[in-house]
Amino acid sequence: MKKVIIIGGGASGMMAALTAAEDRENKVIVLERQQRVGRKLLSTGNGRCNLTNIYAEGKNYHGEQADFALPALEAFPPEKVLEYFHSLGLLTVTEPSGRVYPLSDSANSVLDVLRFAMARAGVELRTSCTVTDIARGRNGTYQVCTDAGSLDADRLIVACGGAAGAKLGGVMDGYELLKPLGHKRTKLLPSLVQLICEGDFTRSLKGVRCDCALKLTGGEYEAESAGELQFTENGISGPASFEISRAAAFAGQGEIHIDFLRKYSLSDVENLLKVRCGSYPTLEAGELLTGMLHNRLGRMLVKFSGISAGEQLKNLSADSIKKISALCKDFVLKLKGTEGFDKAQVTAGGIKTSGFNPQTMESWFMPGLFLCGELLDIDGDCGGFNLQWAWASGRLAGRLGK
């Protein structure tokens, strides 16, 4: 019987464990430093667990060698992921955007079916177990040192995640454990994270949500997105913001252009405002955008344009209407950076994929050593793509090269 040790009980680690356990010749042990497995999984999708995206493909993934992800994604695409989870008893619902959630709308449902499946398959879970060192044995085995003693493994899968989400289990452990084995990492940056902007006016908009289009400009790293945006104490958050956060982290600074009325042209907006002024001549300017944008956001744009909120609409000049219309279509924020790893959902960067076989996830120069999940230099867009990578890479690693 072969002993397979998996370091990390997150999404990719659990999938790797279940896959390895399909071979009855394997004794599978999962080592998890926290008190329970899957803690970070419970926070995904705001607690709903966006477990995949049916539109996932190569273009949704990033890294120095982004194509590294393709074999795993092709072997275990979203439709097979859903078939697998359905076989475990999970019911799901797919949104028009392609995002897939458990029908229960609770991440606990996803974790529970995984736990039940591991128990049925005979996977041994050792929680509150921190791995301190990995050594290669002369006979091709691996010695795994933990704070509770040492274990020998015929095959070793490292799936201990990235640096993002420290409060939920994000650690640097994997990078440090692999360093003595010759595997190097790229630069690490937070991704799917809030953006920090100059100025304090966003504070007055804290909590306001809106549908918009975003564009990051001003340097080598440019990006565009569209969808929900949320203002925070010191910047912006929400899915649309997360989509450009990877580029923002690499850029460090630049300009964020916001189109608050992305489905209307500039001339359409000007005409709408002219009609409003003609229909309600005595209405105060602070209400000019009422019914079009969130009230607080509308008043901020009027104030930002330099128009007195108490001015009557009949007194607004054509230039004033043009100025406010332009702000609605292109409001510019100065980017200062991003929040840190503690608030990030994903790590951009990781262990260099050049050291691993994309067809098996096995190390090129350390036979029997496999990697999967966020620890590798592969990260996905916002919307279920990162969990899709976790399942696909964990599934491939769990086959142990077969």
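It should be emphasised that the depicted structure is a prediction, and the values quoted were computed from it without experimental measurement. All residue numbers in this chain count up from 1 along the given sequence.
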Donor-acceptor under 3.5 Å ([X] side chain, [Y] main chain):
{"X": "Asp133", "Y": "Cys145", "result": "no"}
{"X": "Arg276", "Y": "Glu287", "result": "yes"}
{"X": "Thr232", "Y": "Gly235", "result": "yes"}
{"X": "Glu79", "Y": "Ile54", "result": "no"}
{"X": "Asp154", "Y": "Lys3", "result": "yes"}
{"X": "Asp330", "Y": "Ala326", "result": "no"}

How long is the straight-line distance from [atom2] of [Y] back to [atom1] of [X], given to the nearest 0.5 Å?
{"X": "Arg203", "Y": "Glu233", "atom1": "CZ", "atom2": "CD", "answer": "4.5 Å"}
{"X": "Glu339", "Y": "Leu195", "atom1": "CD", "atom2": "CG", "answer": "9.0 Å"}
{"X": "Gln253", "Y": "Cys197", "atom1": "CD", "atom2": "SG", "answer": "13.0 Å"}

Salt bridge check: are [X] and [Y] linked by an N-O gap of less than 4.0 Å?
{"X": "Glu83", "Y": "Lys80", "value": "no"}
{"X": "Arg262", "Y": "Glu224", "value": "no"}
{"X": "Asp23", "Y": "Lys402", "value": "yes"}
{"X": "Arg126", "Y": "Glu32", "value": "no"}

*Would Tyr84 and Trp391 count as a close aromatic pair, with their ring centres under 6.0 Å?*
no
Only one of Asp381, Asn53, Asn386 passes side-chain hydrogen bond (donor to acceptor under 3.5 Å, both in side chains) with Asn60, and that residue is Asp381
Is the shortest side-chain heavy-atom distance between [X] and [Y] below 4.5 Å?
{"X": "Leu88", "Y": "Phe116", "value": "no"}
{"X": "Cys372", "Y": "Ile157", "value": "yes"}
{"X": "Phe260", "Y": "Met292", "value": "no"}
{"X": "Leu111", "Y": "Arg36", "value": "yes"}
{"X": "Leu178", "Y": "Leu369", "value": "yes"}

Here the ring pair (Phe, Tyr, Trp, His ring centres under 6.0 Å) pairs for residues 180-199, sequence neighbours left out, are His183-Phe356, His183-Phe365
So the ring pair (Phe, Tyr, Trp, His ring centres under 6.0 Å) pairs with at least one residue in residues 15-70 (sequence neighbours excluded) are none
Strictly by modelled atom types, are [X] and [Y] linked by a side-chain donor-acceptor pair under 3.5 Å?
{"X": "Arg395", "Y": "Thr19", "value": "yes"}
{"X": "Ser106", "Y": "Ser104", "value": "no"}
{"X": "Thr141", "Y": "Asn139", "value": "yes"}
{"X": "Thr353", "Y": "Gln65", "value": "yes"}
{"X": "Thr347", "Y": "Glu374", "value": "yes"}

Checklist entry - Would you say Phe331 has more than 12 foreign heavy atoms packed within less than 6.0 Å of its CZ? => result yes
